[in-house]
Amino acid sequence: MKNRKTIYAIIALLFACILYIYDNYDVEEKNISFSSNFNYLPTSTTGQIIHHNYYSLSYNEKFEQAEWVAYELTLEHLSNQNFKRPYFEKDSKVKTQSANYKNYKNSGYNKGHLCPAGDRKFSKEAFNETFLTSNITPQLYEFNAGIWNRLEQKVRYWVQKYDKLYVITGGVLSKNLKTIGSEKVAVPTQFYKIILDYHQPKIKAIAFLIPHKASEKGLYNFVVTIDEIENLTGIDFFPELPDEIESKLEKSSNYTNWNFRNF
DNA sequence: CTGTCAATC
DNA sequence: GATTGACAG
């Protein structure tokens, strides 16, 4: 009788353990794959993170531009509406004052959007919000209208396939960059873009690092690891992902899960 | 799409 | 400075 009770107790205990493990496994899966309020924002090296209605950024006063701009892009955001381009304004939320657009005048560089206007065409308000000087960086025309534009279009193409993406973009702000204008807006020599597809069961990411010059090369030639961009910028991307997933994601430069079509 | 510039009020 | 339209990759 004693033995039987012991065996029952052990069985009950095992059952409880299995339930416990199963339950936790389930919870973890849910947190990783289905949480709707996943915080995708990178860390800030400057402590000046600004949230607009339709994108966020971390402003770096020394370089007079954002070190990153981050936003969510969904299928519903894509639109064929056309809005008139407004003038660029200073970002009133930047305490240290974002650069005046006149710095770009006759500089030889264009005002390149970090959060593209084309990704915020679902409303006039969202579209206009991208025309803040905290959201631009000096770019060569041939670069901006060329390979960089191709990358932005590729992101819009991927959204149609993958439904919802997190996009993080910036110039690499390193020492001794050339500057333009009286406020000395720095001209990055490379730009990066990181895209996260936060879908179950396979979270995937891809990162691009593109030299600031015209190029006719295929975009896949510029795929790098997120770790490489972190090393260059000192920014920690996706710090809120579970460490195991983050580390695996960020050391990979495998892009076979991303459809490049003809590129 | 990505942008600039000139003309006009 | 605001608006409109032409232009270029």
Measure [atom1]/[X] against [atom2]/[N] and give the value in whole Å, please.
| X | N | atom1 | atom2 | result |
| --- | --- | --- | --- | --- |
| A:Arg150 | B:dC1 | CZ | P | 18 Å |
| A:Phe83 | B:dG3 | CZ | C1' | 19 Å |
| A:Phe88 | B:dC5 | CZ | C1' | 15 Å |
| A:Ile147 | B:dG3 | CD1 | C1' | 17 Å |
| A:Lys154 | B:dT2 | NZ | C1' | 17 Å |
| A:His212 | B:dT2 | NE2 | P | 16 Å |
| A:Asn110 | B:dC1 | CG | P | 16 Å |
| A:Phe143 | B:dG3 | CZ | P | 11 Å |

Please report the interatomic distance [atom1]([X]) to [atom2]([Y]), rounded to the nearest 0.5 Å.
| X | Y | atom1 | atom2 | answer |
| --- | --- | --- | --- | --- |
| A:Ser92 | A:Gln97 | OG | CD | 9.5 Å |
| A:His52 | A:Tyr71 | NE2 | OH | 14.5 Å |
| A:Ile49 | A:Leu41 | CD1 | CG | 6.5 Å |

**OP:** Map A:Gln81 and A:Asn106 onto DNA chain B by nearest heavy atom, then report which one ends up closer to the 5' terminus.
**Re:**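 Going by which nucleotide is closer to the 5' end, it is A:Gln81.
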How would you label the contact of [X] with the nucleic acid (heavy atoms, under 4.0 Å): base, sugar-phosphate, or nothing?
| X | value |
| --- | --- |
| A:Glu142 | nothing |
| A:Gly146 | nothing |
| A:Asn80 | nothing |

Closest to the [X] side chain: [options]?
| X | options | result |
| --- | --- | --- |
| A:Tyr87 | B:dC1, B:dT4, C:dT3 | C:dT3 |
| A:Lys111 | B:dC5, B:dT4, C:dT3 | B:dT4 |
| A:Ala145 | C:dG9, C:dA2, B:dG3 | C:dG9 |
| A:Arg85 | C:dG9, B:dT4, B:dC1 | B:dT4 |
| A:Lys102 | C:dA8, B:dG3, C:dG1 | C:dG1 |
| A:Lys105 | B:dG3, B:dC1, B:dC5 | B:dC5 |

Taking only side-chain N and O atoms of [X], does any of them lie within less than 4.0 angstrom of OP1 or OP2 on [N]?
| X | N | result |
| --- | --- | --- |
| A:Asn82 | B:dC1 | yes |
| A:Lys84 | C:dA2 | no |
| A:Asn149 | B:dC1 | no |
| A:His113 | B:dG3 | yes |

Original post:
Can a salt bridge be assigned to the pair A:Lys251 and A:Asp227 using a cut-off of 4.0 Å between side-chain N and carboxylate O?
Top reply: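 Salt bridge absent between A:Lys251 and A:Asp227.
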Original post:
Parallel, tilted or perpendicular: which describes the rings of A:Phe127 and A:Phe83, with under 30° parallel and over 60° perpendicular?
Top reply: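 A:Phe127 and A:Phe83: tilted rings.
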Original post:
So, the side chain of A:Lys193 versus the backbone of A:Phe208: is there a donor-acceptor pair under 3.5 Å, distance only?
Top reply: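 Checked: no pair found.
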